[in-house]
Amino acid sequence: PIDGFSFDKDFFNNNPLERHASLDHHNPELVAPLSFLSEYWSTMGDEQRSLAFATAAATLKSLPFAVTTMSQIVDLKGLGSGHCLKVLQETLDTGSCREVVAKRDSDKYKSIKSLTGVYGIGNSVAEKLYTSRNITRVSDIIASWGCLALHDERIKYGVAYYGDLNTPVTREAAERIQGVVRRELDQVAQGCKLELTGGYRRGKSSGHDVDLLVCCGSNDEDGASVSSVRSAGVVGSGGNAGTDGVLARLLRRLRHTGLILHARLDRPPALNEAAYRKQSDRVSSMDNYEKCFCILKCPLQDDWTPDPMDDIQTDLSSLVTSGQNGDRGWRATRVDLVYVPQHQWPYAVLGWSGSKLFLRLLRRYASSTLGLVLTSHGLWSKDRGRLLPANSEQEIFAHLGLTYKHPSQRNF
Ligand code: GTP
Ligand code: MN
Ligand code: MN
């Protein structure tokens, strides 16, 4: 017992996946510097360090008591090397941490942070812009647009809607998006599922985007074609070459209605089982679903309807001016639309509900402890490649020999 709490430290240390990580926890002051350092290293492009601090933060989030002295935590698994302990010690002693303050105020971090805030710009492009072009802010990108040769089309829209896309999306807005997508989806196929996943499914009240999974099951010809393809030994994308899938038709409707500002349809080739498993071995959250990364107009009010004649600009200067319009009735919002074949649904929901760290731990546990490969498509044994089907998330946890964890407890 620590300070009157009965706390099974051995169980805690030996079963990180059995920990509960809810949004409300007992240690916000100690989690903050670790979360910042995780975010700092992710922004600076060092995913390994970022992961180490995220793991330490998750360890403190799942403690059932508020930490008051170092002796309560020195031997907890997940806090890593001495570095995290030093940060925690200083935070407990002084209420803040000098390393965190210095990093937060560093010019390079502030610049890279603003640049990676542009949709379509990742760490490596940001680093190049900062280092070799002396670009530190979005206004610098606009000023030098002509000579920067940024070929990824997303960046233009990321710049134009920078303000909107860096404002958190409330749950209310996410549900409004779900509503407008639902309305158009019903026009292209009957009886489809449309699930709001990502952080909202874990109970978060805001997020950076809206993650929507679509499944039309056997009510749709895609479902039928996918299962016939599948019986021929092919799994993967919800669409198939030649015919237009639900997602393509949904996109066409959304565009026609005037809701789409930008969309990139990602239609990976169908893979046979062997190639597919090989691809799944990469420790990555990427999957092989047909999906669309879009920027949609999110209505600010329920009764707003888009003007289909309101043409979307395509050159940056007019985009930037149209993007500034204060009371246009909508806000640019990042939306991920993913088409999932019915038999893979529970795996897709689990994979897209996150958190990223929770899924990473789950995949690593499946792989190193059970010798299984877990992806957003399914669960395979490494040697024989047998697929373990599941009809629910509960069945996936059961396959893994773990207690079912409610989404609200997956905020690692
Ligand atoms: P916010 O959007 O910032 O609120 O957080 P989030 O938890 O919703 O994160 P995000 O939208 O980035 O991703 C949601 C979940 O989907 C996470 O668990 C990711 O690992 C997962 N995810 C994101 N992109 C992909 C992808 O391309 N493939 C797969 N399989 N999963 C992805
Ligand atoms: Mn999300
Ligand atoms: Mn997303």
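All ligand and atom numbering here is 1-based and tracks the order in the structure. Computed from a predicted model, the values in this text were never measured in an experiment.
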Nitrogen or oxygen of Lys204 less than 3.5 angstrom from that of ligand 1: yes

Contacting atoms of ligand 1, where contact means under 4.0 angstrom from a heavy atom of Gly207: 4 (O)

Check: Ser408 main-chain N/O paired with Ser22 side-chain donor or acceptor under 3.5 Å: no

Asp266, Leu337, Leu265 screened by side chain to side chain contact (heavy atoms under 4.5 Å, CB included) with Lys291, the one that passes: Asp266

Side chain, backbone, both or neither: Asp211 near ligand 1, heavy atoms under 4.0 Å: side chain

Any donor-acceptor N/O pair, Arg334 side chain to Cys294 backbone, under 3.5 Å: yes

Option nearest atom 6 (P) of ligand 1 (shortest heavy-atom distance, choices Gly199, Ala348, Pro168): Gly199

From the candidates Trp352, Tyr289, Phe358, the one that places a heavy atom nearest atom 23 (C) of ligand 1: Trp352

Enumerated ligand 1 atoms positioned under 4.0 Å from heavy atoms of Ser376: 30 (N)

Ligand 1 atoms in contact with Asp209 (distance to a heavy atom under 4.0 Å): 2 (O), 11 (O)

Heavy-atom closest pair, residues Glu393 and Arg201: OE1-NH2, 2.8 Å

His208: numbered ligand 1 atoms lying under 4.0 Å from its heavy atoms: 1 (P), 2 (O), 3 (O), 4 (O), 11 (O), 12 (O)

Parallel, tilted or perpendicular: ring planes of Tyr40 versus Tyr109, cut at 30 and 60 degrees: tilted

Test: Cys215-Cys192 SG spacing under 2.5 Å: no

Ligand 1 contacted by Arg202 (non-hydrogen, < 4.0 Å): yes

Vertex the Mn ion (ligand 3), rays to OD2 in Asp209 and OD2 in Asp336 - rounded to 10°: 90°

Ligand-residue contact atoms, ligand 1 with Gly351, heavy atoms, under 4.0 Å: 16 (O), 18 (O), 21 (C)

Test: Arg154 cationic atom under 6.0 Å from Phe293 six-membered ring centre, within 45° of axis: no

Of the N, O or S atoms in Asp211, the one nearest the Mn ion (ligand 3): OD1

Heavy-atom closest pair, residues Leu350 and Leu362: CD2-CD2, 3.9 Å

Asp287 N/O under 3.5 Å from ligand 1 N/O: yes

Heteroatom distance test (Phe293, ligand 1): nitrogen or oxygen, under 3.5 angstrom: no

Whether Phe397 and Phe358 hold their rings parallel, tilted or perpendicular, with breakpoints at 30° and 60°: parallel

